[in-house]
Protein chains: 2
Amino acid sequence: MEIITIKDIAKALNLSTSTVSRALRGSYEINPETKRLVMEYAERMNYRPNPIALSLKENRSRSIGVIIPEIANNFFSQAINGMESIAYNRGYHVVISQNHESYERELVSTQYLAQRRVDGLLVSLSGESNDLEHFKELQTKGLPIVFFDRVPQDYITHKVIADNFAGAYEATEHLIKQGFRRIAHLTSPSWLSITYERLEGYKKALQNHDIPIEDSYIKYCSHGGMILEEVEQAVMELINHPNRPDAIFTAGDRLSTTCMSLIRREGLRIPEDIAIVGFTNLITAHLLNPALSAVRQPAYEMGQLATEFLIDLIERPKATIRFETKKLDTHLIIRDSSLKATT
Amino acid sequence: MEIITIKDIAKALNLSTSTVSRALRGSYEINPETKRLVMEYAERMNYRPNPIALSLKENRSRSIGVIIPEIANNFFSQAINGMESIAYNRGYHVVISQNHESYERELVSTQYLAQRRVDGLLVSLSGESNDLEHFKELQTKGLPIVFFDRVPQDYITHKVIADNFAGAYEATEHLIKQGFRRIAHLTSPSWLSITYERLEGYKKALQNHDIPIEDSYIKYCSHGGMILEEVEQAVMELINHPNRPDAIFTAGDRLSTTCMSLIRREGLRIPEDIAIVGFTNLITAHLLNPALSAVRQPAYEMGQLATEFLIDLIERPKATIRFETKKLDTHLIIRDSSLKATT
DNA sequence: AACGTTGCCGACAACGATTGCATAAAAAAA
DNA sequence: TTTTTTTATGCAATCGTTGTCGGCAACGTT
């Protein structure tokens with residue numbers, strides 16, 4: 001009933017561990033008859049090589065670490081499913097670690113996974129991370145890292161992102177075409193790539209339609225919606241703005257839902273008083289009141305692509321000549337929350 | 001720049017690895033001066049013991065495995081956060097594995113985690129699992145297992161569940177008190193504990209109010225909402241029922257949202273045509289159209305409690321005389337989706 | 001002076017698996 | 001029959017760490 005090792009097999013069959021080991025991997029220099037014996041016995045005893053011993057010996061674990069802000073977020077859980085789909089097919093396991101939008105916890109997660117000898121890292125940065133030394137250090141030690149979604153700007157490796165600029169542009173332009181003019185933007189911490197790119201898309205759309213950019217319409221939430229008070233303050237400032245916005249383009253699941261809650265709490269109507277388009281992968285978006293217009297990211301595909309990049313880096317370390325940044329298309333779904341009342 | 005080991009320290013300081021090892025763990029039989037030297041050097045070189053080597057040696061990993069149906073589910077992601085909060089405080093890491101409601105994948109996940117020498121397992125069964133041999137086998141090999149949420153009936157170990165009976169009773173009674181009489185129940189696979197308990201609560205409430213139980217109002221979805229077609233068929237059968245229900249009590253996040261979508265797709269109104277109360281931890285429940293009445297489970301606390309049980313089992317294997325089944329209170333939140341129109 | 005204690009430290013084995021090298025026996029070649 | 005080659009197997013080291021054992025001083029005790 002105990003866990004069986006190669007030694008047990010050797011003892012039972014009166015062989016050495018080396019012979020058993022070689023027999024199991026089908027080495028040509030083992031007598032076919034011996035091979036058969038070993039194989040059969042191993043099969044019968046349900047032998048499985050100890051992955052920990054292998055990790056120690058080979059200094060690799062056939063697993064990849066994923067560090068993301070939060071599991072409880074449809075974008076990330078969809079991305080994880082994409083990662084697993086590729087990883088399992090190529091013989092890797094996925095170990096998930098959350099940073100809860102905290103730099104401290106990102107650090108701890110990174111160290112933990114590195115110590116556990118993951119063969120590579122898939123990272124979406126926390127809202128607090130501007131120092132990337134911990135990643136750089138690991139990378140110079142030979143640990144491949146691929147960033148996705150929230151990627152660092154000045155970091156040379158593969159990256160997988162959504163076309164945040166185009167998505168934001170499309171969302172903002174949609175609001176403009178609906179007739180909204182005072183369009184605010186509620187977004188994540190200013191130093192994140194996604195924030196910058198979406199902000200640029202938002203600004204460009206306004207510019208192209210000759211709408212002046214109003215800085216007080218742009219609100220950053222430096223914890224990405226994790227802290228209610230922060231979002232509350234931002235949204236209240238918009239609501240109480242002397243020239244109250246008639247639409248808000250919100251970035252991220254948490255920001256979009258919290259913003260909706262707050263607007264409703266203040267007795268305002270969506271979209272009559274304030275329209276909303278969210279950058280979100282909420283699976284309940286179509287069920288919300290009102291149904292939430294959303295820029296959807298191809299989360300599953302992003303996870304897949306990032307994993308393919310990473311496993312290539314792991315398995316062919318020298319082959320990569322130059323690093324790529326893959327940009328995937330977003331998709332605007334128009335629902336009730338952004339429609340101008342046709343009165 | 002390489003990863004430093006105890007050997008490197010020994011070489012650098014002209015000591016043996018044993019001495020270094022003992023110095024680092026502060027053994028009394030090492031000269032304080034030597035100890036200081038080793039400590040300082042280790043600190044300076046940022047030495048961290050290799051957890052893989054330790055796992056191999058000690059046959060344990062200081063990590064606990066979690067097997068759940070789906071990450072992308074608010075109940076489970078909240079439970080995971082609860083688990084992590086306890087685990088980290090007690091020096092354990094959490095490794096997450098999904099079974100996607102499939103028995104096959106549950107098996108694979110279980111084997112994987114066992115091979116990785118997790119010190120214990122936290123399990124919520126997949127919708128397909130009625131055979132529990134894989135768990136039993138591991139348990140007899142000495143691997144502690146704690147079940148939560150979806151627990152097996154005839155299995156002797158700690159379990160943590162929500163008071164599904166009371167929650168279902170409360171939800172059903174609420175619908176009755178609102179004036180609904182043709183109350184249907186859309187639920188998970190019949191063999192799951194949560195299904196049975198909720199069904200009993202539902203039935204009891206009907207009985208206590210002298211409402212006959214109509215079997216054709218009870219619909220099981222054997223994949224727990226993972227497969228759209230299945231839910232669609234169940235919901236359509238209810239909608240097209242010769243005596244169409246005026247309310248549905250739905251179990252689970254997926255079932256509740258999918259059910260709402262389908263009712264709306266068919267042009268029916270909630271709650272005027274069909275009211276809904278969901279057994280769900282959706283964080284967007286209050287934002288839905290209409291706001292979804294819900295029986296909430298204390299997911300975070302359930303995760304915490306299950307983890308405390310598990311770590312106790314791990315650290316004091318003999319201490320446990322009898323196993324407990326802890327039942328936590330649910331909480332009904334009444335919103336618009338279950339209110340009888342007061343016309 | 002002989003013996004026992006104590007303090008400090010190193011050698012070795014072990015955890016499970018793989019692998020280069022050595023070697024025995026058997027087969028082939030001389 | 002002797003030598004060479006082939007075949008099949010075992011030995012030992014390795015990965016990083018810890019536990020057991022034992023050793024060698026330097027001290028105190030009779």
Residue mapping more 5' on DNA chain C - nearest nucleotide basis, Lys35(B) or Ile4(A): Lys35(B)
Residue pairs, two or more places apart or on separate chains, that pass ring-ring contact (aromatic ring centres under 6.0 Å, His included) and touch residues 97-117 of chain B: His93(A)-Tyr112(B), Tyr103(B)-His134(B)
Basic-acidic side-chain contact under 4.0 Å: Arg44(A), Glu40(A): no
Interface with DNA chain D, restricted to residues 46-55 of chain B and to heavy atoms under 4.0 Å: Tyr47(B), Arg48(B), Pro49(B), Asn50(B), Ala53(B), Leu54(B)
Charged N-O contact under 4.0 Å between Arg90(A) and Asp312(A): yes
Least distance between heavy atoms, Tyr47(B) atom then Ile6(B) atom: CE1-N, 3.7 Å
Segment of DNA chain D, first to last nucleotide, that comes within the 4.0 Å heavy-atom reach of chain A: dA8(D) to dG16(D)
Check: Ser27(B) side chain, Ile30(B) main-chain N or O, donor-acceptor pair, under 3.5 Å: no
Length of the CD-C1' vector between Glu33(B) and dG7(C), whole Å: 15 Å
Flag for Gln98(A)-Asn81(B): side-chain donor and acceptor within less than 3.5 Å: yes
Glu29(B) atom CD: more than 12 heavy-atom contacts under 6.0 Å: yes
Helical bend (five base pairs per end, nearest 10°) for the helix from dA1(C)-dT30(D) to dA30(C)-dT1(D): 80°
Verdict with reasoning, Arg105(A) to Glu128(A), per salt bridge (Lys or Arg N to Asp or Glu O under 4.0 Å): CA-CA 10 Å; Arg105(A) 300 198 59 163; Glu128(A) 287 183 4; over 6 Å; no
Carboxylate-amine/guanidinium contact Glu301(A) Lys326(A), below 4.0 Å: no
Interface residues of residues 5-31 of chain A with DNA chain D (non-hydrogen, below 4.0 angstrom): Asn14(A), Leu15(A), Ser16(A), Ser18(A), Thr19(A), Arg22(A), Glu29(A), Ile30(A), Asn31(A)
Glu33(B) atom CD, over 12 foreign heavy atoms within 6.0 Å: yes
Atom of Leu122(A), atom of Thr307(A) and distance for their closest heavy-atom approach: CD1-OG1, 3.6 Å
For Glu104(B), all residues meeting salt bridge (Lys or Arg N to Asp or Glu O under 4.0 Å), sequence neighbours excluded: none
Whether Phe147(A) and Tyr155(A) hold their rings parallel, tilted or perpendicular, with breakpoints at 30° and 60°: perpendicular
